[in-house]
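FYI, side chains are in, hydrogens and waters are out, and symmetry mates aren't considered; it's all heavy atoms of this structure. In what follows, chains are A, B, ... by sequence order, proteins preceding strands, each numbered from 1.
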Amino acid sequence: MTQMRTPAGTTSVPAAEPQPVIEMRDISITFGAVRALDEVSVRLFPGEVHALMGENGAGKSTLIKALTGVYAIDAGVVTIDGERHEFSSPAAAQAAGISTVYQEVNLVPNLTVAENMLLGREPRRFGSIDVREMNRRARRTLLHLGIDVDPRTVLDEHPIAVQQLVAIARAVDVEAKVLILDEPTSSLDADEVEKLFTVMRRLREEGVAIVFVSHFLDQVYEIADRMTILRNGRLVEERMVADTTQLELVRLMIGRELEVLDRLDRAAPTTGAGSGTPLLTAVGLGRKNTLEATDLALYEGEVVGIAGLLGSGRTELARLLFGADTADTGELAVRSHTRRLRSPRHAIDRRIAFSSEDRKAEGVVGDLTVADNMLLALQASRGWLRPIPQGTRARLVKDYIEALDIRPADPTALMRNLSGGNQQKVLLARWLITEPEILILDEPTRGIDIGAKAQIQAKVAELAAQGLSVVFISAELEEVLRLSDRLVVMRDRRKIDERTNDDVSVRDVLEIIAGETRSEEDTHA
Amino acid sequence: MSAVTVPTASAWDRVRTYRPPNRYLPILATAALFVGLFGVGGIRYDGLTDPQVLLSLLIDNAFLIVLGVGMTFVILTGGIDLSVGSVVALSTMIAAKTLDMGWSPYLSIVAVLATGTLLGLLMGLLIHYFDIQPFIATLAGLFLARGLTYLISVESISIKDPTVTDLAFRTVHLGDYYVRWTAIIALATVAIAAYVLARTRFGRTVYAIGGNEASAMLMGLRVAFTKVGVYVISGFCAALAGLLFSLYILSGNSLHAIGMELDAIAAVVIGGTLLTGGRGYVVGSLLGVLVLGIIKTLISFDGTLSSYWIRIITGVLLLAFVVVQRFATRRRP
């Protein structure tokens, strides 16, 4: 196994290249029957920012967890400075010089910046913590990284971005060889990202190998030197960022040759809707750090598809439309009544239904029966004082089990025993029972089998033909294109394009998504 | 009134320009409340300004101060200890019974402290390793300790041991004034606890757990040791408070200290410690006990008010402090 396996398409490695500080070779990890990682190889070089790229489920976080000792590796070798290592725990990985900063800041908000940096290894004198020395050491590290924070201030007085930097400072204080930043920028604004990048550049100059995970392509192009692209748990390619166009990158992440996609795509609008006054209008709808001001109009019987990569703002838009998050700016009108939707309840009252992308956490109640799950939203909108008559319950549940072909066709089956596809159908039924005028579907077909997927797609088309307005969000572009009358393309938390779906191809959408390169402004690379 | 509460202009300017860090605000509010109550009382009632009143406050509430110290540790981690009142009763009973049986006072003290510590250890282990809600685990402890007290004796047992009664009545003179040993022990407990919380890794871990337990774990701190440790400390403090209470009341009785755990919790909360954990100081709890104590004193000085007013005022104060804390700690958007 000494021979390095080069995946197809990798450019050959120049002889003068430095030694990687960490090399992961042919790493495989299996959970039950699922192969989360399949012979993936990654090389991290000192003084480089290495981006891990891939859509959801590509295996990025599994790979990171394998590297940080959270998951045990089933097959493959990890070498640090040429020596073989096996990590049994996160502490072991840390001891070997691998530090991780997660998206969610893992610090304690109630203690000072200095304490957060040095908790567990505070300098002591005569057995008691030497606060002065602790503050001095923290100040030195912060200064060294160019972070302008008083170490004596309490952590939660600072914005998330600064807390993120403090987390990095804590990681660096242990002399990290490798710093893993897992989605560090997802809740930062542009200035804050710039601050983070300044720190990252400084660490890079000092020879730290940095792993950077982000869904923002522009950020990757600004800071990363090298990238490894994963798809479905497999390695696609290792590339130098400077040698890869954004279009190429998006194609590598999503996979399949574009020509094949072009043929697959039918691009046939389902109905000729889009006339009269819109049912729902959003003007300048936005939320700080979540979504830039966005306009959207939805007509009766129309399917509006929202396309974009993960983190592009598609889910955020849906949540604002439903009132699950409140908008900071802009207005939302339903049937020309301007309303600020303060909560999902308001939205439900205005006959809006929302099926969340996070089926497990925000949809399914596993310990209730299929029937109970289906009737939850209807019962909630009626209020607890007006129970649904037994007969109506039975009829509704029976009708929808048949209409959506839910299996097992047993209203008393426990929800958690159903397959993902059937759970999704029950959730669809839950909202349809409330007879909505507007249905927002966020990733309704994710992780479900082909058959169920086709059934759900057919049902959506049928409902739209009957006059229901649908906002359809999916990571699968083919699906969005197949169903939508109109297409909204999002990227980096804003709407970048909107067009009628006549003859739009997957390639067109990819080009729109990748198109907005900032290569002119890009001084780096 | 002007002599007591309104400082001179220049001092006021300094006060106005000084902004204490936010984390000290609750404790300063409690201190101001105490000074205010003392000041108002001093004007209305003759004799309240006598320093001996202050010292008596410490003497009369020594056991509650110690109880509050233990409770502060627990609440700082985000937990709660409901068993402490019962442990106080159990401690008075063990002390009275063993002394009655002719044990040496020292042996008796050791027995009491060991029992409280052991009970705390058991509850801590349950809470951490079996992941049982602190509320439930210590509620079980509450019933267990109270039951054990009845098991030892249903009757009240008075303490007549000469060494003990001598200690109970012995005073330490400070000029014209005096304190008892119980008050000194209570203040020493506060001082030691303040040091442990501020200057040891154990103490900082207590705060870290209260701030975010999952993060504390990921930072590699000794979460298990610390979480069990705070209940051990609380159990020890409850036993020590029981000893002080025995000295104060000179008897062991199953009906002692019913609901005292709630007084302790009230004192800790009024002292500015957040019930959700992570924020607060033992000195605050000391002030909280003193505030509760001064209310009692004021009402007894007044003479016309019934003692149930103590409860009503305590309730109002508690509510006010929790509401103020809610606003003070609300996250800025």
Considering all heavy atoms, the nearest A:Pro109-B:Gly211 contact = CD-O, 3.7 Å
May I ask you to list the residues in residues 181-190 of chain B that approach chain A closer than 4.5 angstrom, counting heavy atoms only, ordered by number?
-> none
NZ/NE/NH1/NH2 to OD/OE distance under 4.0 Å, B:Arg204 and A:Glu115 | yes
Verify side-chain contact (heavy atoms from CB on, under 4.5 Å) between B:Arg199 and A:Val131, making sure each step is shown before the conclusion.
-> CA-CA 8 Å; B:Arg199 286 287 185 273; A:Val131 177; 3.1 Å; yes
Check whether A:Leu111 gets within reach of chain B through its side chain, its backbone, both or neither, counting any heavy atom under 4.5 Å.
-> side chain
What heavy-atom pair brings B:Tyr195 and A:Ser128 nearest, and what distance separates the two atoms?
-> OH-CB, 2.6 Å
Over 12 foreign heavy atoms within 6.0 Å of CD, A:Glu194 | yes
Distance (rounded to the nearest 0.5 Å) between A:Glu122 CD and B:Thr205 OG1 = 7.0 Å
If you look at every heavy atom in A:Leu107 and B:Met219, which pair is closest and at what distance?
-> CD2-CE, 3.5 Å
Side chain, backbone, both or neither: which part of A:Arg152 has a non-hydrogen atom closer than 4.5 Å to chain B?
-> backbone
Name the region of A:Asn116, side chain, backbone, both or neither, that has any atom closer than 4.5 Å to a heavy atom of chain B.
-> both
Contact class of A:Thr112 relative to chain B, heavy atoms under 4.5 angstrom = side chain
When every non-hydrogen atom of A:Val108 is compared with those of B:Ala208, the smallest separation belongs to CG1-O, 3.0 Å
How far does CG of A:Asn110 sit from CG of B:Leu274, to the nearest 0.5 angstrom?
-> 9.5 Å
Distance col, row B:Phe202:CZ vs A:Ile129:CD1, nearest 0.5 angstrom, shows 12.0 Å
Options A:Arg170, A:Arg124, A:Gln94, ranked by heavy-atom pairs under 4.5 Å with chain B, top entry | A:Arg124
